[in-house]
Amino acid sequence: MTLRRRGEKATISIQEHMAIDVCPGPIRPIKQISDYFPRFPRGLPPDAGPRAAAPPDASARPAAASAGRRSPSDGARDDDEDVDQLFGAYGTSPGPSPGPSPSRPPAKPPEDEPDADGYESDDCTALGTLDFSLLYDQESNALHCTISKAKGLKPMDHNGLADPYVKLHLLPGASKANKLRTKTLRNTLNPTWNETLTYYGITDEDMIRKTLRISVCDEDKFRHNEFIGETRVPLKKLKPNHTKTFSICLEKQLPVDKTEDKSLEERGRILISLKYSSQKQGLLVGIVRCAHLAAMDANGYSDPYVKTYLKPDVDKKSKHKTAVKKKTLNPEFNEEFCYEIKHGDLAKKTLEVTVWDYDIGKSNDFIGGVVLGINAKGERLKHWFDCLKNKDKRIERWHTLTSELPGAVLSD
């Protein structure tokens, strides 16, 4: 026992403090908590089996005989041994083991769980699903998009509902020229449209390199419309003349590659019909419609019309002009012009078709044009020769407008 003078404080070292057991009995070290919960990241050590195993005759020892002759210190020591046996000094399972513990198989790695922010778990529940079908009519060069319905759309308004509509874009391409949209349905999260939107002038080349972007938006009267979700379908997944049905979860808005849009930008397409009429002794040129025209006005649209010339035109009487269609990039004309000419002279002629944007008070803007004749190439040449070979047969073809026409008069 340490003696101290009156007035002095008792000093106990930290080692002595940690070694004191609060239970009655002799002072003995307290086990560390790590002795009861050991961690072996790569499994049990090689010598864990014999140390963790209980003596073979431990269970056969009579409990009553040992209870009568153990001291208080022995009882405390037995308690510790029971705790060691319960938890296992090296992480063995509770309870006595009859012998050396068998080797355990390695633990299986946890299976990959679906990402909580992934496509299936987040977007499907938060943004909703969209049902639609697509059909590519190869003969008429048309892509029919039937928007059926949506389910579980994200609420966008204060009343917990939305005013949804669907808009379509063909990528790459100018958004205004390729934009189609459904009607707006009010106050619903499960709208049913059953509308068919059609793109005209779609070629086999478009079906290989273009992608259809389908967006669902919420219409607001007093502010900008809000985006809900979208999905994209590469057109190469479609088979010609075969309807494919989709039921897809909407995704968050994806970026559009602007550089790709500019590199593949077009002036538009035009559908022209040619027919040599034996009855009228002349060439009938039909201007059916245009699609995806370039926007020339500040409002993002154009006021297009079409002019045709049959060259060489010595008397300058071959000019024909369609009516002007206001504020549209996909005009439908359905007008036909007749050029009185002998069938044998057509091989020496060239048909020039140009599309213009009408402006008031200033010069009209040239949008694009196409030339059919013996000096043309590809589909333009083929269209011209098919007309010459097949009298009295109307032949329609789509042609891509170009911004430059050799020898053409690009002023109105």
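Heads up: numbering here begins at 1 and tracks the sequence.
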Item to complete: For side-chain contact (heavy atoms from CB on, under 4.5 Å), just list the numbers for Val285 and Glu336, CA-CA rounded to whole Å, side-chain angles, deciding distance to a tenth of an Å, and then say yes or no.
Response: CA-CA 6 Å; Val285 178; Glu336 191 173 70; over 6 Å; no
Practice prompt. Could you go through the salt bridge (charged side-chain N to carboxylate O under 4.0 Å, His left out) check for Glu340 and Lys280 one step at a time?
Written response: CA-CA 7 Å; Glu340 295 182 2; Lys280 295 183 178 181; over 6 Å; no
Worksheet entry | side chain to side chain donor-acceptor pair (under 3.5 Å) assessment of Asp357 paired with Asn364 | CA-CA 6 Å; Asp357 170 53; Asn364 297 330; over 6 Å; no
Fill in: Step-by-step side-chain contact (heavy atoms from CB on, under 4.5 Å) determination, Ile202 to His292
CA-CA 10 Å; Ile202 302 298; His292 322 321; 4.1 Å; yes
Fill in: Criterion side chain to side chain donor-acceptor pair (under 3.5 Å) on Tyr339 and Thr308, from CA distance to verdict
CA-CA 10 Å; Tyr339 292 99; Thr308 63; 2.7 Å; yes
Practice prompt. Apply side-chain contact (heavy atoms from CB on, under 4.5 Å) to the pair Ile374 and Lys348, showing each step before the final yes or no.
Written response: CA-CA 7 Å; Ile374 56 175; Lys348 305 174 184 178; 5.6 Å; no
Discussion item. Using the rule given for side-chain contact (heavy atoms from CB on, under 4.5 Å), can you reason through Leu293 versus Asn330, listing the C-alpha separation, both sets of side-chain angles and the distance that settles it, and then say yes or no?
Written reply: CA-CA 7 Å; Leu293 294 179; Asn330 298 280; over 6 Å; no
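Side-chain contact check for Ile248 versus Ile214: every heavy-atom pair is 4.5 Å or farther apart. For the pair Leu388/Tyr276, no side-chain contact is recorded, criterion being any heavy-atom separation below 4.5 Å from C-beta on. With contacts defined as side-chain heavy-atom distances shorter than 4.5 Å, the pair Arg181/Leu168 does not qualify. Inter-residue side-chain proximity for Val288 and Ile272 is flagged as unmet; no heavy-atom pair is nearer than 4.5 Å. For the pair Glu379 and His383, the minimum side-chain heavy-atom distance is 4.5 Å or more. Between Lys311 and Lys349 the shortest side-chain heavy-atom distance does not fall below 4.5 Å. Leu134 places a side-chain heavy atom less than 4.5 Å from the side chain of Cys145. Within the 4.5 Å cutoff, side-chain heavy atoms of Leu171 are placed close to those of Arg232.
In this structure, the separation between CG on Leu372 and CD on Glu352 is 10.5 Å, given to the nearest 0.5 Å. Separating the CD atom in Glu332 from the CD1 atom in Ile287 is a distance of 13.0 Å, to the nearest 0.5 Å. Residue Asp131 holds its CG atom at 6.0 Å from OG of Ser148, rounded to the nearest 0.5 Å. Atom CG in Leu346 sits 5.5 Å away from atom CG in Leu283 (nearest 0.5 Å). Separation of atoms CG (Asn141) and CG (Leu271) is listed at 8.0 Å; rounding is to 0.5 Å. To the nearest 0.5 angstrom, Leu189 atom CG is 14.0 Å from Lys151 atom NZ.
Legend: salt bridge (Lys or Arg N to Asp or Glu O under 4.0 Å) pairs involving residues 158-170, not counting sequence neighbours, sorted by first then second residue: Asp163-Arg186.
Side chains of Tyr165 and Asp218: no donor on one and acceptor on the other come within 3.5 Å. A side-chain donor-acceptor contact under 3.5 Å links Thr184 and Glu219. Side-chain N/O atoms of Thr146 and Thr196 include a donor and acceptor closer than 3.5 Å. Under 3.5 Å, the side chains of Asp392 and Ser278 contain a donor-acceptor pair of N or O atoms. Asp204 and Tyr136 are linked by a side-chain donor-acceptor pair at a separation below 3.5 angstrom, with hydrogens and angles left out of the test. Side-chain contact check for Ser273 and Arg394: at least one donor-acceptor pair (N or O, by modelled atom type) lies under 3.5 Å.
Judged by distance alone, with hydrogens and angles left aside, the side-chain atoms of Ser302 form no donor-acceptor pair with the main-chain N or O of Pro304 at under 3.5 Å. Checking side-chain atoms of Thr322 against main-chain N and O of Val306 turns up a donor-acceptor pair under 3.5 Å. Remark: side-chain polar atoms of Trp398 are not paired, donor with acceptor, to backbone N or O of Thr203 under 3.5 angstrom. Judged by distance alone, the side chain of Asp297 and the main-chain N or O of Asn299 form no donor-acceptor pair under 3.5 Å. Checked by atom type and distance alone, the side chain of Ser318 pairs as donor or acceptor with a backbone atom of Leu310 at under 3.5 Å. Listed for the Asn241 side chain is no donor-acceptor partner under 3.5 Å among the backbone atoms of Asp137. Counting only distance, with no hydrogens or angles, the side chain of Asp157 and the backbone of Asn159 share no donor-acceptor pair below 3.5 Å. A side-chain donor-acceptor contact under 3.5 Å links Thr402 to the backbone of Gly369.
When all heavy atoms of Arg380 and Val370 are compared, the closest pair comes out as CD-CG2, 3.4 Å. Nearest heavy atoms, Asp386 versus Ile395: O-CD1, 3.3 Å. The heavy-atom pair separating Asp220 from Glu226 by the smallest distance is OD2-OE1, 3.3 Å. The minimum heavy-atom distance between Leu235 and Asp206, with the atom names listed, is CD1-O, 4.1 Å. Scanning both residues, Pro172 and Lys210, for their nearest heavy atoms gives O-NZ, 3.2 Å. Nearest approach of Leu185 to Thr192, heavy atoms of both residues: CD1-O, 3.4 Å.
Under the 30°/60° scheme for interplanar angles, the aromatic rings of Phe246 and Phe132 are found to lie parallel. The aromatic rings of Phe366 and Trp356 sit perpendicular, their planes meeting at an angle over 60°, well past the 30° parallel limit. Between Phe337 and His320, the ring planes are parallel. Angles under 30° get that label, and only those over 60° would be called perpendicular.
With a 6.0 Å radius and a threshold of 12 heavy atoms from other residues, nucleotides or ligands, Lys149 has its NZ atom at or below the threshold. For Lys325, the NZ atom sits in a packed shell: over 12 heavy atoms of surrounding residues, nucleotides or ligands are nearer than 6.0 Å.
Figure legend: cation-pi geometry between Arg269 and Tyr200 absent, as NZ or CZ is not positioned both under 6.0 Å from the six-membered ring centre and within 45° of its axis.
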